[in-house]
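One structure is given here, and the rest of the page talks about it.
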Amino acid sequence: MAKVKYYYDAETLSYRKIERKKSTTIKYTAVFLLASALFAFLFVFIASQYIESPKERQLTRELQNMQLQYELLNKRMDDAIAALENVEERDNAIYRLYFEANPIPEEQRRAGFGGVNRYKKFEGYDNSQLIAESNKRLDILEKAIVVQSKSLDEIAKLAKDKEKFLEAIPAIQPVRNENLTRMASGYGYRTDPFTKARKFHFGMDFTAPRGTPIYATGNGIVKRADNRASGYGKHIRIDHGHGYISLYAHLYKYNVRVNQRVKRGDLIGYVGSTGRSEAPHLHYEVFKDGERINPINFYYGNLSASEFNELLRKASLENQSLD
Ligand SMILES: [Zn+2]
């Protein structure tokens with residue numbers, strides 16, 4: 001209920017009612033409403049600068065959660081990079097070294113992507129850097145995995161080649177131990193059985209009865225099986241590739257033909273005494289790049305350590321060769 005206001009009229013000495021014009025009332029009301037609206041607007045405007053709405057609070061939480069998850073993913077990426085680095089280290093220091101391949105330099109392993117800025121699409125946001133950095137690291141990681149994978153392919157191929165190489169080089173004794181009567185003479189200075197002069201004996205002599213089987217000492221191709229070389233009598237030459245040739249001399253009989261492919265341990269002929277020979281024995285030589293080398297260095301395939309030492313001892317005794 002509206003209050004009725006009075007004023008004291010001194011002329012009439014009485015209280016009189018204050019009459020207000022209707023237009024004035026409307027004016028006051030309008031001003032009041034306008035001021036209220038303005039104040040309300042200002043209040044909401046100022047408050048909105050400092051107070052979050054429930055929707056905003058939710059979005060803020062979403063964003064914080066996303067940033068946290070990105071950080072966790074980056075930590076996991078650290079672990080993945082560390083694991084890869086371990087493999088890379090072994091790759092460079094063991095595998096590649098073992099197979100005589102050059103280590104892959106760090107710059108090559110950690111190369112990112114050059115040229116156009118592939119991270120431009122992430123720009124223009126508060127979290128641009130976080131997203132761009134994470135993507136960059138993942139790109140480098142992916143590339144490093146590809147480099148490592150290619151390196152392992154290369155190693156696998158080198159290992160296969162090495163296996164072939166190891167199968168090819170002359171590495172076993174050409175006559176079985178149980179068939180040997182004695183190891184007559186090794187590589188080095190020996191007395192010539194015919195002239196009695198001291199001269200260098202370029203092979204090893206294995207004394208064994210006539211007809212004792214002789215085995216190929218490595219995989220290869222028979223290049224010669226004839227008696228047209230002076231002194232060697234009936235002899236066989238096997239080309240093993242990689243610069244290695246093995247020679248078997250003074251044979252009684254052949255068991256292979258020229259151009260025949262042989263494997264290590266294949267029976268290629270029999271012990272005899274043809275050519276410049278004093279008694280039945282196998283004269284065995286190994287060539288590397290045209291030079292005759294000490295064949296004893298290759299006997300590991302079918303000999304135990306003690307057998308090898310015994311062979312080494314006998315071979316180094318200076319005695320008369322059978323040639
Ligand atoms: Zn000899």
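Atoms within a ligand are numbered from 1 in the order they appear, just like the ligands themselves. Along the sequence shown, residues carry numbers from 1. Only a predicted model underlies this, so the values are computations on that prediction, with no experimental measurement involved.
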- Query: Side chains of Y232 and E285: donor-acceptor distance under 3.5 Å anywhere?
  - Reply: yes
- Message: Among the N, O or S atoms of D205, which one sits nearest to the Zn ion (ligand 1)?
- Response: OD1
- Query: So does H201 have any N/O/S atom less than 2.8 Å away from the Zn ion (ligand 1)?
  - Reply: yes
- Message: Going by side chain to side chain contact (heavy atoms under 4.5 Å, CB included), name the residues that satisfy it together with I131, two or more places apart in sequence or in a different chain.
- Response: Y70, F122, N127, N135
- Do the non-hydrogen side-chain atoms of V222 and R237 ever get within less than 4.5 Å of each other? no
- Task: Kindly give the atom name of the N, O or S atom of H283 closest to the Zn ion (ligand 1).
- Result: ND1
- Query: How are the rings of F41 and F45 set relative to one another: parallel (under 30°), tilted (30 to 60°) or perpendicular (over 60°)?
  - Reply: parallel
